[in-house]
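Read through the structure below, which is laid out as structure tokens, and then see the notes.
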Amino acid sequence: MKAHIYTMYYKPGRILPLGDFYQPLFCGQFAGKSKLIGLKDDQGENISDRNEFYSELTGTYWAWKNTQQEIVGVCHYRRYFTAQPEPWYLKLKYFITHPFKIQKGPNPLIYTNNVEKYIPKILTEAEAKEILDVHDIVLPTARRFRYSIRTHYSKYHDIRDMEIVTEILKEKFPEYLNSWEKVLSGNVLYANNMFILKNDLFQKFMDWWFEMLFEFEKRENLESYQGYQRRILGFVAERLLTLWVIHNELKIKELKLIYFKKFKSH
């Protein structure tokens with residue numbers, strides 16, 4: 001069974017020795033991209049020129065339109081799934097250094113600078129296949145806030161974005177509206193736009209996800225977003241991913257992410 005996780009890069013960076021299961025994919029427009037050896041999201045059918053708004057999703061779109069495999073996933077060049085338990089000393093360190101943390105429950109991220117030590121802990125192809133034998137989708141451990149997703153979004157972004165999503169759902173997918181209200185009123189978010197799932201569900205998700213995102217793009221002047229907020233469609237996509245898996249009652253396997261804080265090029 002052919003399986004690939006596409007590792008999204010937005011600049012030249014270190015390629016970890018993870019075998020054929022992990023496929024580095026260079027996304028967006030940056031100096032020197034054309035000289036890099038490997039997969040690029042501006043080849044074939046693509047939306048690479050809209051990377052500043054879609055962030056890693058230009059790579060996800062490219063994988064959808066230009067590749068074929070039975071299992072497909074997405075991760076980031078500094079964030080990787082792991083099925084291994086978090087060491088006790090990191091749990092203790094997180095508890096001590098985050099006494100007033102917003103996140104409820106255990107830390108969803110394992111922060112480290114020790115790349116060599118943690119490479120063996122990155123999710124393997126065999127582990128992913130075993131998980132998907134009994135689950136529909138692999139997602140990062142959910143972020144669980146002390147307040148609602150609606151309140152969280154309004155703190156960091158323009159809440160009008162969520163209102164636009166509501167209007168699109170009313171017109172195109174009204175059956176999702178009750179689930180959407182539960183997401184906004186709830187406190188659970190599947191962040192990072194990372195996932196692993198089998199191809200049949202991947203195709204269904206991509207069809208729905210990008211129809212929603214393209215419609216949002218039509219209705220909003222993306223040039224009005226400035227700085228960090230220009231990644232608007234990446235932020236919206238996280239809420240839509242959360243909606244899709246909850247509405248469709250998928251059997252979710254949550255995994256922690258290894259986050260390499262200082263990831264130097266080699």
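- Surrounding NZ of Lys65 are more than 12 heavy atoms belonging to other residues, nucleotides or ligands, all under 6.0 Å away.
- With hydrogens and angles ignored, the 3.5 Å screen pairs no side-chain donor or acceptor of Thr7 with any backbone N or O of Cys75.
- Remark: the backbone N or O of Gly28 is paired with a side-chain donor or acceptor of Asp41 at under 3.5 angstrom.
- Ring pair Trp208/Tyr176: centre-to-centre distance below 6.0 Å.
- By the 4.5 Å heavy-atom criterion applied to side chains, Phe205 and Leu241 are counted as neighbours.
- Applying the side-chain hydrogen bond (donor to acceptor under 3.5 Å, both in side chains) rule to Glu171 yields the partners Arg219; only residues at least two apart in sequence or on another chain are considered.
- Two residues are said to be in side-chain contact when any heavy atoms from C-beta on lie closer than 4.5 Å; Trp209 and Trp244 fail this criterion.
- Between Thr166 and Trp180, the closest heavy-atom pair is OG1-NE1, 2.8 Å.
- For the residue pair Leu57 and Gly234, the shortest heavy atom distance occurs at CD1-CA, 4.3 Å.
- Between Leu257 and Asn192, the shortest heavy-atom distance links the atoms CD1-OD1, 3.6 Å.
- The main-chain N or O of Glu45 is found under 3.5 Å from a side-chain atom of Asn66 such that the two form a donor-acceptor pair.
- Using a 4.5 Å heavy-atom cutoff, the side chains of Met194 and Glu56 are not in contact.
- Side-chain contact check for Thr112 versus Phe260: some heavy-atom pair is nearer than 4.5 Å.
- If you take OG on Ser154 and CG on Asp161, they are separated by 11.0 Å, rounding to the nearest 0.5 Å.
- To the nearest 0.5 Å, atom CG of residue Leu123 and atom NZ of residue Lys256 are 15.0 Å apart.
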For a salt bridge (charged side-chain N to carboxylate O under 4.0 Å, His left out) check, start with the C-alpha distance between Glu116 and Arg14, then their side-chain angles and the critical distance, and finish with the verdict.
CA-CA 12 Å; Glu116 273 63 39; Arg14 181 178 178 182; 2.4 Å; yes
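- Looking at residues two or more places apart in sequence or on another chain, you find a side-chain hydrogen bond (donor to acceptor under 3.5 Å, both in side chains) between Gln23 and Asp20.
- Taking the six-membered ring where the residue is Trp, the centroids of Tyr10 and Tyr77 are separated by under 6.0 Å.
- Side-chain contact between Asp136 and Leu201 is present, with heavy atoms from C-beta onward closer than 4.5 Å.
- Salt bridge status for Lys198 with Asp200: absent, with no side-chain N to carboxylate O gap under 4.0 Å.
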Yes or no on side-chain contact (heavy atoms from CB on, under 4.5 Å) for Leu139 and Thr242, after CA distance, side-chain angles and deciding distance?
CA-CA 10 Å; Leu139 292 173; Thr242 302; over 6 Å; no
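- Side-chain contact between Thr60 and Phe195 is present, with at least one heavy-atom pair separated by less than 4.5 Å.
- Separating the CD1 atom in Ile232 from the CG atom in Leu213 is a distance of 10.0 Å, to the nearest 0.5 Å.
- If you run side-chain contact (heavy atoms from CB on, under 4.5 Å) between Ile137 and each of Ile131, Asn248, Leu197, Ile196, only Leu197 comes through.
- Qualifying side chain to side chain contact (heavy atoms under 4.5 Å, CB included) partners for Glu125, counting only residues two or more places apart in sequence or in other chains: Ala3, Phe21, Lys129.
- The CD1 atom of Ile252 sits 6.5 Å away from atom CD1 of Ile246, with the distance rounded to the nearest 0.5 Å.
- Taking each heavy atom of Pro24 and Tyr9 in turn, the nearest pair found is CB-CE1, 3.8 Å.
- A donor-acceptor distance shorter than 3.5 angstrom exists from the side chain of Thr141 to the backbone of Leu255, with no hydrogens or angles considered.
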Please evaluate residues Leu243 and Val165 with respect to the criterion side-chain contact (heavy atoms from CB on, under 4.5 Å), reporting the C-alpha separation (whole Å), side-chain torsions for both, the decisive distance (0.1 Å), and the verdict.
CA-CA 11 Å; Leu243 169 62; Val165 171; 5.6 Å; no
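- Within 6.0 Å of CG on Asn178 lie no more than 12 heavy atoms contributed by other residues, nucleotides or ligands.
- Between the side chains of Tyr6 and Gln69, at least one donor N or O lies within less than 3.5 Å of an accepting N or O.
- With Tyr147 as the aromatic partner, Lys155 meets the cation-pi criteria of under 6.0 angstrom to the ring centre and within 45 degrees of the ring axis.
- Note on Phe26 and Ile37: separate hydrophobic clusters, where clusters join Ile, Leu, Val, Met, Phe, Trp and Tyr whose side-chain heavy atoms are under 4.5 Å apart, directly or indirectly.
- When the side-chain hydrogen bond (donor to acceptor under 3.5 Å, both in side chains) test is applied to Trp64, the partners found at least two apart in sequence or on another chain are Gln203.
- For Glu181 and Arg150, the salt-bridge test passes: some basic side-chain N is under 4.0 Å from an acidic carboxylate O.
- Remark: the backbone N or O of Met1 is not paired with any side-chain donor or acceptor of Glu70 at under 3.5 angstrom.
- Every residue meeting the salt bridge (Lys or Arg N to Asp or Glu O under 4.0 Å) condition with Glu223, not counting sequence neighbours, appears here in chain and number order: Arg230.
- Rounded to the nearest 0.5 angstrom, Leu16 CG and Tyr22 OH are separated by 9.5 Å.
- Between Tyr228 and Phe235, a ring centre-to-centre spacing shorter than 6.0 Å is recorded.
- Under 4.0 Å is where a charged nitrogen must lie from a carboxylate oxygen, and between Glu215 and Lys170 no such pair does.
- In this structure, the ring of Tyr61 has its center less than 6.0 angstrom from the ring center of Phe210.
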For salt bridge (charged side-chain N to carboxylate O under 4.0 Å, His left out), just list the numbers for Asp158 and Arg160, CA-CA rounded to whole Å, side-chain angles, deciding distance to a tenth of an Å, and then say yes or no.
CA-CA 5 Å; Asp158 187 343; Arg160 191 167 58 90; 3.8 Å; yes
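- Taking each heavy atom of Ile149 and Asn187 in turn, the nearest pair found is CD1-C, 3.8 Å.
- Inter-residue side-chain proximity for Phe173 and Met212 is flagged as met; some heavy-atom pair is nearer than 4.5 Å.
- For the residue pair Ile159 and Tyr153, the shortest heavy atom distance occurs at CA-CD2, 4.2 Å.
- Listed by chain and number, the residues in a side-chain hydrogen bond (donor to acceptor under 3.5 Å, both in side chains) with Gln29 are Ser48 (sequence neighbours excluded).
- Side chains of Tyr118 and Gln84: no donor on one and acceptor on the other come within 3.5 Å.
- Annotation: side chain of Glu254 is in contact with side chain of Tyr190 (closest heavy-atom distance under 4.5 Å).
- Atom CD of Glu130 is separated from atom CG of Asp133 by 7.5 Å, given to the nearest 0.5 angstrom.
- The main-chain N or O of Leu132 is never found under 3.5 Å from a side-chain atom of Lys253 such that the two would form a donor-acceptor pair.
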